[in-house]
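In what follows, a structure is listed as structure tokens, so that the remarks can point back to it.
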Amino acid sequence: MLNRDQINYCLDEIDKMFPEAFCELRHNNPFELVIAVLMSAQCTDALVNKVTKTLFEKYKTPEDYLAVSLEELQEDIRSIGLYRNKAKNIRKLCELLLTEYGGEVPCERDELVKLPGVGRKTANVVVSVAFGQPALAVDTHVERVSKRLAICRWKDSVLEVEKTLMKKIPKEKWSKTHHQLIFFGRYHCKAQSPQCEICPLLDLCREGKKRMKSKKGA
DNA sequence: AACTCGGGGCA
DNA sequence: TGCCCAGAGTT
């Protein structure tokens, strides 16, 4: 397992690789952020950005989403995939916001996860990005990179990964760490074809060295 | 823990 | 053409 200094070194190196690693959604208001993150499940960010751009021009408030039929909303987000469930969740979510939360997105993670389609990862992104609270969202990229780099254990659950990262990384870095590991995982330490040959972290990466070794043998 | 949703992007 | 993708809900 990597110690704090080694993890810090990794994050600095990743920062050099992806200096632009920030969330494009940070400029959105909390409501739009919830919608965007909810739609991003199992879908590439480029596609979500394309769809949300037009979507947010048409829909500004929870009332706007409820003013059209479910079928119309489904058609508006069809290209992101899983669109039937996502459209239903958005409508339910908007109803709840109006009836239970005064039309505003709650800033507490415990309240956010009560909303349909909002799980722990989405809630963490929202409190972190929209409300500036220290939170570390763990998705498949963060989980994979953390395990390959031995920041956490291989068998750790998502929740255990989150706890370990929070323990080993200073609180003020949590929000940025998420986006750094996302970029690193998506463009470099990819699930299927990690770029170990040109990776500045190879010396620290047990999984990377193992891969290079087996590649050489084969 | 496994299954489902799902069109788009990429090899 | 086949396979995977910024997850969450249900069984």
Side-chain angles (χ1 to χ4, degrees), chain A residues 14 17-18 20-28 30-56 70-97 105-106 109-131 135-148 153-162 165 174-195 197:
Chain A
I14 293 173
M17 298 171 71
F18 302 101
E20 77 285 11
F22 68 97
C23 183
E24 301 86 349
L25 305 170
R26 68 162 53 165
H27 304 297
N28 295 21
F31 178 59
E32 289 186 348
L33 181 65
V34 171
I35 302 288
V37 179
L38 190 149
M39 292 204 301
S40 71
Q42 295 301 100
C43 166
T44 59
D45 59 338
L47 193 53
V48 171
N49 288 338
K50 202 166 77 179
V51 172
T52 53
K53 192 178 176 184
T54 57
L55 196 73
F56 292 161
L70 175 62
E71 290 72 21
E72 183 174 345
L73 181 57
Q74 287 177 336
E75 202 55 38
D76 286 339
I77 66 171
R78 172 182 282 273
S79 61
I80 64 172
L82 306 180
Y83 61 94
R84 278 185 275 260
N85 282 338
K86 288 175 182 177
K88 287 177 189 169
N89 282 338
I90 288 173
R91 282 176 67 90
K92 268 187 264 176
L93 185 147
C94 287
E95 283 178 24
L96 276 177
L97 286 186
V105 175
R109 191 176 60 189
D110 291 343
E111 294 298 322
L112 284 164
V113 294
K114 294 178 184 173
L115 301 172
V118 178
R120 188 175 184 84
K121 181 253 172 181
T122 303
N124 274 332
V125 171
V126 172
V127 298
S128 164
V129 176
F131 297 116
L136 231 164
V138 177
D139 55 31
T140 53
H141 287 310
V142 177
E143 181 180 355
R144 181 181 67 252
V145 170
S146 299
K147 289 182 176 180
R148 281 183 178 166
R153 294 185 299 256
W154 261 111
K155 299 182 73 174
D156 279 351
S157 65
V158 174
L159 195 58
E160 287 170 329
V161 175
E162 183 183 327
L165 288 173
W174 289 354
S175 179
K176 186 177 180 181
T177 297
H178 167 71
H179 297 111
Q180 284 181 289
L181 296 185
I182 288 283
F183 268 70
F184 182 67
R186 207 155 85 76
Y187 298 113
H188 186 90
C189 193
K190 296 185 261 191
Q192 304 304 323
S193 54
Q195 315 282 76
E197 298 84 354

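Lettering follows sequence order; numbering is per chain, from 1.
Going from atom CD of Glu143(A) over to atom C1' of dA6(C) covers 13 Å, rounded to whole Å. Computed from coordinates, the Leu47(A) CG to dC4(C) P distance equals 19 Å when rounded to whole Å. Taking atom NZ on Lys121(A) and atom P on dA8(C), their separation rounds to 6 Å, with Å as the unit. Computed from coordinates, the Lys88(A) NZ to dT10(C) P distance equals 12 Å when rounded to whole Å. Between Leu93(A) atom CG and dG7(C) atom P the separation is 18 Å, expressed in whole Å. We find that CZ of Arg186(A) is positioned 13 Å from C1' of dC4(C), with the value rounded to whole Å. Protein atom CG of Asn89(A) is 15 Å distant from nucleotide atom P of dG7(C), rounded to whole Å. Whole-Å rounding puts the Glu162(A) CD to dG7(C) P distance at 15 Å.
Between Thr122(A) and dA8(C) there is a side-chain N or O to OP1 or OP2 distance below 4.0 Å. A sub-4.0 Å separation between OP1 or OP2 of dG7(C) and a side-chain N or O of Ser40(A) is absent.
For the atom pair CZ of Arg120(A) and CG of Asp139(A), the computed distance is 13.5 Å after rounding to the nearest 0.5 Å. The distance from atom NZ of Lys114(A) to atom CG of Leu96(A), rounded to the nearest 0.5 Å, is 10.5 Å.
Between dA6(C) and dA2(B), the distance separating the two C1' atoms is 22 Å to the nearest Å. Nucleotides dG6(B) and dT10(C) place their P atoms 14 Å apart, quoted to the nearest Å.
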Checklist line | salt bridge (Lys or Arg N to Asp or Glu O under 4.0 Å) assessment of Arg91(A) paired with Glu95(A) | finding: CA-CA 6 Å; Arg91(A) 282 176 67 90; Glu95(A) 283 178 24; 5.2 Å; no
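One finds a salt bridge joining Glu162(A) and Arg109(A) here, because a Lys/Arg side-chain nitrogen approaches an Asp/Glu carboxylate oxygen to under 4.0 Å.
Reading DNA chain B from its 5' end, the first and the last nucleotide to sit under 4.0 Å from a heavy atom of chain A are dC5(B) to dG9(B).
With DNA chain C read from its 5' end, the first of the two nearest nucleotides for Val113(A) and Cys43(A) is the one closest to Cys43(A). Residues Lys50(A) and Ala41(A) both approach DNA chain B. Their nearest nucleotides, taken by heavy-atom distance, put Ala41(A) toward the 5′ side.
Side chain of Lys86(A) to main chain of Met39(A): a donor-acceptor pair is present (N/O by atom type, distance under 3.5 Å, no hydrogens or angles). Between the side chain of Lys147(A) and the main chain of Val161(A), no donor-acceptor pair closer than 3.5 Å is present.
Counting any heavy atom pair closer than 4.0 Å across all strands shown, Ala191(A) reaches sugar-phosphate atoms only and no base atom. In this structure, Ile80(A) reaches the bases: a heavy-atom distance under 4.0 Å links it to at least one base atom across the strands shown. Among the heavy atoms of the strands lying under 4.0 Å from Val118(A) are primed sugar atoms or P, OP1, OP2 only; no base atom is included.
Using cut-offs of 30° and 60° on the angle between ring planes, the pair His188(A) and Phe184(A) is parallel.
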